[in-house]
There are 2 protein chains.
Amino acid sequence: MQQSVFKALADPTRRLILRRLGERSMTAGELGQGLDISKPSLSHHFNVLKAADLVRSDRDGQSIIYSLNASVLEETIGLMLELVQGTTSEEQSHAQR
Amino acid sequence: MQQSVFKALADPTRRLILRRLGERSMTAGELGQGLDISKPSLSHHFNVLKAADLVRSDRDGQSIIYSLNASVLEETIGLMLELVQGTTSEEQSHAQR
DNA sequence: GACATATTTAGATAATTATCTAAATATCTA
DNA sequence: TAGATATTTAGATAATTATCTAAATATGTC
């Protein structure tokens with residue numbers, strides 16, 4: 001479950017898509033603009049994002065509108081915060097290269 | 001820079017390592033306990049985590065002590081929060097499968 | 001110095017994944 | 001229904017990555 005989310009976040013194209021969807025919902029075509037990548041590849045990325053439930057899709061006529069599902073991201077942020085909060089300042093001060 | 005962090009987070013073994021280091025700093029050997037994986041594979045994961053600057057290492061005699069570098073995780077959490085905060089409740093309500 | 005312990009590096013292999021082209025599906029309009 | 005537009009699915013290929021064994025490096029102890 002978290003695995004699919006982190007896998008989805010690992011690709012820069014997908015993170016760009018999420019950033020754009022953070023601004024507003026968009027069609028697949030709009031999301032592809034300026035992204036030097038084929039339509040099928042883009043579609044593959046949508047599938048990965050949907051599998052992680054990071055985005056939802058809605059057909060509107062010929063277009064498919066994608067929107068961000070913020071709650072999944074929020075949960076993930078929550079997990080990451082727990083991790084960071086486990087770290088004591090004592091341990092931080094010892095961290096050095 | 002962010003790419004190396006998200007790539008590092010994409011693997012479940014590495015996330016487990018980070019969770020353990022969130023509790024306390026540990027040697028490579030300790031981190032490997034109960035992890036059905038070879039030493040070299042574990043070492044590979046340490047390298048990926050170090051490349052992302054998510055962990056730091058310190059030699060202590062024969063052992064190498066790994067510790068979490070929380071600041072990189074914090075920055076990443078910050079980026080993810082920005083993304084989520086871009087989403088309006090209007091858009092949220094439209095998100096449906 | 002020889003040996004044991006802890007860990008890493010080197011190199012090979014198998015699994016995963018990102019990408020592409022071609023073809024299929026869905027919708028709209030004339 | 002024919003044609004145009006938007007998007008996806010299928011299938012192949014190339015790149016990336018996780019894993020392993022064997023060997024190397026670093027440290028401590030006798």
Side-chain angles (χ1 to χ4, degrees), chain A residues 1-21 24-68 94-97, chain B residues 1-21 24-68 94-97:
Chain A
M1 199 271 177
Q2 281 303 312
Q3 180 57 18
S4 59
V5 174
F6 282 110
K7 278 279 183 67
L9 292 173
D11 184 275
T13 300
R14 290 195 289 266
R15 289 199 305 279
L16 177 54
I17 290 170
L18 291 177
R19 277 198 300 278
R20 287 191 182 178
L21 292 180
R24 64 179 180 84
S25 297
M26 290 186 210
T27 67
E30 283 180 295
L31 283 167
Q33 280 172 15
L35 277 189
D36 194 19
I37 192 180
S38 73
K39 296 284 176 64
S41 295
L42 198 59
S43 200
H44 157 74
H45 288 306
F46 294 148
N47 281 335
V48 174
L49 290 168
K50 281 203 290 190
D53 201 23
L54 281 164
V55 305
R56 303 280 170 85
S57 65
D58 250 328
R59 180 172 281 277
D60 178 26
Q62 289 157 298
S63 298
I64 292 182
I65 300 176
Y66 283 95
S67 52
L68 186 68
H94 282 315
Q96 55 205 221
R97 201 169 262 298
Chain B
M1 201 274 178
Q2 280 304 312
Q3 179 57 16
S4 59
V5 174
F6 283 109
K7 278 280 185 67
L9 293 173
D11 183 275
T13 300
R14 289 194 290 265
R15 289 199 303 280
L16 177 54
I17 291 169
L18 291 177
R19 277 198 299 279
R20 288 190 181 178
L21 292 181
R24 64 180 180 83
S25 298
M26 290 187 211
T27 66
E30 282 181 295
L31 284 166
Q33 280 172 14
L35 278 188
D36 193 19
I37 193 180
S38 71
K39 296 286 175 65
S41 296
L42 197 61
S43 200
H44 158 73
H45 288 305
F46 295 148
N47 281 335
V48 174
L49 290 168
K50 281 202 289 190
D53 201 23
L54 281 163
V55 306
R56 304 279 170 85
S57 65
D58 250 329
R59 181 173 279 276
D60 177 27
Q62 288 156 300
S63 299
I64 293 182
I65 300 175
Y66 283 94
S67 51
L68 186 69
H94 283 314
Q96 57 205 213
R97 199 169 266 294

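All chains are named by letter (A, B, ...) in the order of the sequence lines, taking the proteins before the strands, and each is independently numbered beginning at 1.
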Ignoring backbone atoms, test whether [X] places a side-chain nitrogen or oxygen under 4.0 Å from the OP1 or OP2 oxygen of [N].
X: B:Arg59; N: C:dA6; answer: no
X: B:Thr27; N: C:dT7; answer: yes
X: A:His45; N: C:dT19; answer: yes
X: A:Tyr66; N: D:dT8; answer: yes
X: A:Ser63; N: D:dT5; answer: no

Which nucleotide in the list [options] gets nearest to the side chain of [X]?
X: A:Ser38; options: C:dT21, C:dT5, D:dT9; result: C:dT21
X: B:Lys7; options: D:dC20, D:dT16, C:dA18; result: D:dT16
X: B:Gln62; options: C:dA18, D:dT27, D:dA6; result: D:dT27
X: B:Ala28; options: C:dT19, C:dT8, D:dT9; result: C:dT8
X: A:Pro40; options: C:dT8, C:dT21, C:dT7; result: C:dT21
X: A:Asn47; options: C:dA18, C:dT8, D:dT9; result: D:dT9
X: A:Ser41; options: C:dT19, D:dT19, D:dT8; result: C:dT19

For a 4.5 angstrom cut-off between non-hydrogen side-chain atoms, does B:Glu30 reach B:Arg24?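 Yes, at least one pair of side-chain atoms sits under 4.5 Å.
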Taking the side chain as every heavy atom from C-beta outward, state whether B:Asp11 and B:Val48 have any pair of such atoms under 4.5 Å apart.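 No - every pair of side-chain heavy atoms lies 4.5 Å or more apart.
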Rounded distance (Å) that lies between atom [atom2] of [N] and atom [atom1] of [X]:
X: B:Asp60; N: C:dT7; atom1: CG; atom2: P; value: 10 Å
X: B:Asp11; N: C:dA15; atom1: CG; atom2: C1'; value: 13 Å
X: B:Arg15; N: D:dA18; atom1: CZ; atom2: P; value: 12 Å
X: B:Ile64; N: C:dT7; atom1: CD1; atom2: C1'; value: 5 Å
X: A:Glu30; N: D:dA6; atom1: CD; atom2: P; value: 11 Å
X: B:Ile37; N: D:dA18; atom1: CD1; atom2: C1'; value: 8 Å
X: B:Gln3; N: C:dA18; atom1: CD; atom2: P; value: 10 Å
X: B:Ile17; N: C:dT7; atom1: CD1; atom2: C1'; value: 14 Å

Assign each of B:Phe46 and A:Asp36 to its nearest nucleotide of DNA chain C by heavy atoms, then name whichever residue's nucleotide is nearer the 5' end.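 Here B:Phe46 is the residue nearer the 5' end.
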Please determine which of A:Leu21, A:Ile17, A:Thr27, A:Asp58 meets the side chain to side chain contact (heavy atoms under 4.5 Å, CB included) test together with A:Tyr66.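 Going through A:Leu21, A:Ile17, A:Thr27, A:Asp58 one by one, the side chain to side chain contact (heavy atoms under 4.5 Å, CB included) with A:Tyr66 is satisfied by A:Leu21 alone.
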Which part of the nucleic acid does B:Leu42 contact within heavy-atom distance under 4.0 Å: base, sugar-phosphate only, or nothing?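 Nothing, no nucleic acid heavy atom in range.
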Tell me the closest heavy-atom pair linking [X] and [Y], and the distance in Å.
X: A:Ser57; Y: A:Lys50; value: OG-NZ, 3.5 Å
X: B:Leu49; Y: B:Ala8; value: CD2-CB, 4.2 Å
X: B:Leu35; Y: B:Leu42; value: CD1-CD1, 3.8 Å

